[in-house]
Visitor: 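First the structure, which I've put down as C-alpha cells, then a few questions once you've had a look.
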Amino acid sequence: MITTEVTFDELATLMKQAAGVTVDPRELERTSETPFSVIGLDSLGLLGIVGELENRYSRSLPTDAERCKTPAEFIGLVNNSFRTGV
C-alpha cells in the first residue's frame, strides 16, 4: 500500500506537464471545488494526469478518476484509492 498522498502541489505540476495548464498550487487548493473545465483542464488532460500517476506509482487508479469534475474530487478519489489499495 502506498502511504504517500497526492497533493495540490503535485496536481498543479501534473496539470502543467500533461495539459499545459499553469495554476498556482495554493490557488488550486483554495478553489478546489471549481470544475476542471473552468480552470482550463479538459478530459484529455485529466486522462494524461491519471496515466502519469499510474506510471509514477505503478498501480491502476479507479476508472472514476478520469471522470472527476473538480480538483478536490480527484485528489480525494486518488488518495482514498492509495490508502485502501482499491
Side-chain angles (χ1 to χ4, degrees):
M1 187 177 342
I2 297 172
T3 57
T4 304
E5 289 194 340
V6 175
T7 64
F8 285 98
D9 287 324
E10 185 174 12
L11 180 56
T13 299
L14 289 168
M15 289 173 66
K16 176 68 174 170
Q17 291 172 349
V21 175
T22 302
V23 61
D24 179 84
R26 298 295 67 85
E27 182 68 12
L28 186 64
E29 186 171 10
R30 189 179 70 72
T31 61
S32 65
E33 294 295 334
T34 301
F36 280 122
S37 59
V38 172
I39 298 169
L41 184 70
D42 62 14
S43 59
L44 188 58
L46 190 55
L47 184 60
I49 292 169
V50 168
E52 178 59 33
L53 288 171
E54 288 177 335
N55 289 337
R56 185 176 292 181
Y57 294 106
S58 300
R59 61 169 305 149
S60 294
L61 292 174
T63 56
D64 294 353
E66 59 198 50
R67 295 186 192 115
C68 289
K69 301 294 183 201
T70 67
E73 181 184 5
F74 181 76
I75 285 179
L77 181 94
V78 169
N79 288 338
N80 185 55
S81 173
F82 286 170
R83 277 191 300 275
T84 62
V86 177

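Counting from 1, the numbers follow the sequence of the chain as shown.
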Visitor: Provide the closest heavy-atom pair for P71 versus I39 in the form atom of the first, atom of the second, distance.
Guide: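 In terms of heavy atoms, the two residues are closest at CG-CD1, 3.8 Å.
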Visitor: Honestly curious: do F36 and L47 fall in one hydrophobic cluster under the side-chain, below-4.5 Å linking rule?
Guide: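 Cluster IDs for F36 and L47 differ.
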Visitor: Please report the shortest heavy-atom distance between D64 and L77, naming the atom on each side.
Guide: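 In terms of heavy atoms, the two residues are closest at C-CD2, 3.8 Å.
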Visitor: What are the two closest heavy atoms between A18 and G45, and how far apart are they?
Guide: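 The pair with the smallest heavy-atom distance is CB-O, 4.1 Å.
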Visitor: Identify the heavy atoms of C68 and L46 that sit nearest to each other, and give their distance.
Guide: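 Closest approach of C68 to L46, heavy atoms only: O-CD2, 3.5 Å.
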Visitor: Taking the side chain as every heavy atom from C-beta outward, state whether F74 and L41 have any atom pair closer than 4.5 Å.
Guide: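 F74 vs L41: side chains apart.
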Visitor: Quick check against the 3.5 Å criterion: does D9 have a side-chain atom that pairs as donor or acceptor with the backbone of P25?
Guide: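 Here the side-chain-to-backbone pair does not exist.
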Visitor: Out of the candidates E66, M15, E54, only one should pair with I49 under the side-chain contact (heavy atoms from CB on, under 4.5 Å) rule; please name it.
Guide: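 Result: among E66, M15, E54, M15 is the only option passing the side-chain contact (heavy atoms from CB on, under 4.5 Å) with I49.
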Visitor: Check this for me: does any side-chain nitrogen of one of E73 and K69 sit under 4.0 Å from a carboxylate oxygen of the other?
Guide: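 K69 and E73: not salt-bridged.
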Visitor: State, to 0.1 Å, how close E10 and E5 come at their nearest heavy-atom pair, and which atoms those are.
Guide: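 Closest heavy-atom pair between E10 and E5: OE1-O, 4.2 Å.
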Visitor: Is T31 reaching over with its side chain to a backbone N or O of T34, donor-acceptor style, under 3.5 angstrom?
Guide: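 Side chain of T31 to backbone of T34, a donor-acceptor pair under 3.5 Å: no, none is there.
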Visitor: If I take atom OG from residue S32 and atom CG from residue L11, how far apart are they, to the nearest 0.5 angstrom?
Guide: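 Reported value, rounded in 0.5 Å steps: 10.5 Å.
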Visitor: Would you find a donor on one side and an acceptor on the other, under 3.5 Å apart, between the side chain of T84 and the backbone of N80?
Guide: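 Judged by distance alone, yes, a pair lies under 3.5 Å.
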Visitor: Do the charged groups of D24 and R30 touch, with an N to O distance under 4.0 Å?
Guide: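 No, no charged N to carboxylate O under 4.0 Å.
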